[in-house]
Amino acid sequence: MDKMEKKETLKRIHAVDLLNCADQVVKVSGWVENYRDLKKIRFIQLKDRTGFIQVTLPQTEVSKEVFDSIQDLTKESVLEIDGLVKKSPQARLGVELIPSKIQIVSKAKAPTPIDMSGKIVSDLSVRLDYRFLDLRNPKSINLFKLRSRVLGFVVDFFENSGFIGINTPKLTSAGVESGAELFKVDYFGKPAYLAQSPQIYKQMMVCSGLEKVYEIGPVFRAEKSHTVRHLTEFTGIDFEQGFIESEQEVMDTVEGLMHFILKHVQEECAEQLIALGLDQKIEVPEKIPRMDMVEVKKLLAENGLKLTAEDDLTPEAEKWLGDYVLKKFNSEFVFVTNYPWAVRPFYHMKPNGDSKGTKSFDLIWKGLEIATGAQREHRYDLLKAQAKEKGLNLDEMKDYSLIFQYGVPAHGGCGLGLDRIMEQLCNLDNIREAILLPRDPERLTP
Ligand code: 4AD
Ligand code: MG
């Protein structure tokens with residue numbers, strides 16, 4: 001009886017701790033990754049969040065009750081097992097578990113709708129339909145473990161650099177980027193919109209006296225884009241900083257952020273990088289080249305990609321530029337500066353004496369835009385005139401216009417897409433792989 005009670009109170013240990021528990025009786029729990037029945041001996045490969053556990057059932061060493069209890073075991077079932085840890089040179093971890101008790105907590109249906117071993121590759125859309133199962137594939141789960149670490153590094157970077165984390169409303173009465181991209185929702189009978197950027201609020205909080213703010217949060221875009229780089233809901237990393245001299249300082253912050261993230265990924269995430277086949281492939285940027293749009297367009301034209309002075313960069317142009325800077329500067333990154341006023345929002349500051357340019361930039365990583373930033377126009381009269389030029393009336397944007405009337409420093413900021421950062425970091429073909437449960441014009445489930 002005493003012995004029984006002792007067994008009942010066993011605390012669960014994980015796969016990583018098993019090696020330190022040789023000759024002890026322990027409790028483990030997890031999913032059945034594999035099951036083999038060789039008649040006189042049965043093997044269960046159990047998986048928990050830390051790794052794998054080999055459970056061995058020699059018919060002569062375990063009770064008949066335990067041996068028979070797994071007769072019809074299915075893969076992915078959840079088990080709780082008490083047993084003795086034995087050293088075993090043949091086992092992957094150097095130890096195996098000889099069970100004295102097996103409880104089938106939940107029996108899984110067989111077969112599963114997708115193969116998680118990686119042997120049979122399903123279409124991405126099917127994998128996404130069964131995303132929680134897809135994550136049982138080591139490659140998928142390591143991608144999201146890495147994403148979690150990247151997010152942590154972003155927070156560390158901003159907190160170490162004097163930025164204050166903020167959380168701003170995602171239910172708003174209007175947007176500032178452009179009307180076409182707004183999702184409209186019914187707010188107690190009144191129209192409201194899902195925030196397409198924290199732009200207004202981050203500028204407001206710089207003016208509040210916080211000076212340097214950052215936000216990591218959902219961003220909604222009602223864009224019917226069916227591409228491998230657009231989502232309708234993504235995670236934005238936004239920051240804004242006051243008392244700057246120019247947009248160059250905003251770029252310095254982005255450069256510091258990317259350096260910090262990638263340095264820490266390289267130093268601390270070896271397990272994930274190996275699982276994703278990326279261990280030899282992380283470039284930590286030091287100084288990112290900065291190229292003026294005029295110069296970029298000249299190069300593009302020389303290489304058959306002609307754009308007008310008013311054009312935005314096309315995806316093909318970004319791709320070409322990515323290859324060019326890799327060859328020319330041995331850099332995966334490039335800042336393109338001075339975007340045409342025609343393709344930028346009204347709040348981007350214009351350079352002195354240049355009414356067609358903006359003090360703005362994009363960051364291109366391996367041929368894809370991952371960030372857009374700028375110095376903002378903080379002088380009320382100029383801002384009002386710029387709004388008018390874009391067909392907007394600043395007086396009608398009451399909350400936005402107010403913040404420029406009670407003491408506003410020169411300021412600038414930037415927005416980066418976390419999902420795009422993960423797409424590029426992991427060399428994925430599709431942004432949907434980088435996000436747990438993507439939202440696009442066709443997908444609203446699961
Ligand atoms: O370039 P965007 O639209 O810029 C802004 O939102 C500005 N308010 C930022 C600023 O501070 N000036 O978005 C910023 C970044 C893009 O560079 C891209 O990485 C990501 O957000 N992004 C998207 N990611 C996935 N799907 C989409 N539809 C995205 N749209 C933008
Ligand atoms: Mg952009």
Side-chain angles (χ1 to χ4, degrees), residues 150 154 163 166 168 170 172 175-183 194-206 212-242 244 247 249-251 253-254 257-258 261 293 311-315 317-318 333-337 339-340 343-349 358-377 400 411-425 428 430-435 438-441 443:
V150 167
V154 173
F163 285 79
I166 57 172
T168 64
K170 302 307 155 203
T172 65
V176 286
E177 301 294 326
S178 96
E181 293 175 353
L182 289 169
F183 279 114
L194 298 180
Q196 58 178 178
S197 141
Q199 189 60 40
I200 298 181
Y201 300 115
K202 56 181 187 168
Q203 289 188 254
M204 188 186 279
M205 292 310 142
V206 164
K212 291 165 83 169
V213 296
Y214 75 97
E215 174 164 13
I216 301 167
V219 175
F220 302 93
R221 299 283 168 96
E223 274 179 289
K224 274 216 165 142
S225 300
H226 297 85
T227 74
V228 294
R229 59 187 187 285
H230 285 99
L231 298 163
T232 50
E233 177 177 352
F234 65 92
T235 299
I237 300 168
D238 270 273
F239 73 88
E240 199 75 20
Q241 58 190 103
I244 58 168
E247 73 280 16
E249 270 161 86
V250 183
M251 281 186 266
T253 303
V254 177
L257 172 67
M258 291 316 298
I261 295 173
M293 184 60 103
D311 281 337
D312 205 343
L313 290 185
T314 57
E318 287 178 358
F333 292 86
V334 59
F335 283 112
V336 179
T337 61
Y339 273 68
V343 300
R344 291 307 224 202
F346 76 95
Y347 58 82
H348 282 200
M349 187 182 270
T358 52
K359 288 163 71 72
S360 72
F361 62 87
D362 272 14
L363 177 61
I364 316 282
W365 185 14
K366 300 181 202 173
L368 177 73
E369 172 203 330
I370 60 157
T372 289
Q375 176 163 6
R376 323 303 186 184
E377 184 50 76
Y400 192 60
H411 64 281
C414 178
L416 304 96
L418 176 63
D419 315 277
R420 288 212 186 157
I421 290 176
M422 292 308 297
E423 184 181 6
Q424 295 311 82
L425 172 61
L428 305 174
N430 194 322
I431 195 168
R432 289 164 186 76
E433 292 229 34
I435 178 168
R439 291 289 177 260
D440 63 33
R443 183 177 283 280

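FYI, the numbering just counts along the sequence from 1. Order of appearance sets the numbers: ligands from 1, and atoms from 1 within every ligand. For the numbers below, each heavy atom of this structure counts, side chains included, while hydrogens, waters and symmetry mates do not.
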Quiz item: Do Phe183 and Phe220 have ring centroids that are under 6.0 Å from one another?
Solution: no
Output yes when the distance from some N or O of ligand 1 to some N or O of [X] is under 3.5 Å, and no in every other case.
X      : answer
Thr372 : yes
Arg376 : yes
Ile431 : no
Gly417 : yes
Lys202 : yes
Leu416 : no
Ala371 : yes

Can you find a non-hydrogen atom of [X] under 4.0 Å from ligand 1?
X      : answer
Arg439 : no
Asp419 : no
Cys414 : yes
Phe361 : no

Looking only at atom types and distance, does a side-chain atom of [X] sit under 3.5 Å from a main-chain N or O of [Y], one as donor and one as acceptor?
X      : Y      : answer
Thr232 : Arg439 : yes
Arg229 : Arg420 : no
Arg221 : Gln196 : yes

Quiz item: Would you say the side chains of Thr337 and Glu247 form a donor-acceptor pair under 3.5 Å?
Solution: no
Self-check item: For Ser197, atoms of ligand 1 separated by under 4.0 Å from a heavy atom
Solution: 6 (O), 8 (N)
Quiz item: Can you list the ligand 1 atoms lying under 4.0 Å from a non-hydrogen atom of Glu223?
Solution: 28 (N)
Quiz item: What protein N/O/S atoms sit under 2.8 Å from the Mg ion (ligand 2), by chain and number?
Solution: Glu369 OE2, Thr372 OG1
Quiz item: Does Arg432 have any salt bridge (charged side-chain N to carboxylate O under 4.0 Å, His left out) partners at least two apart in sequence or in another chain, and if so, which?
Solution: Asp440
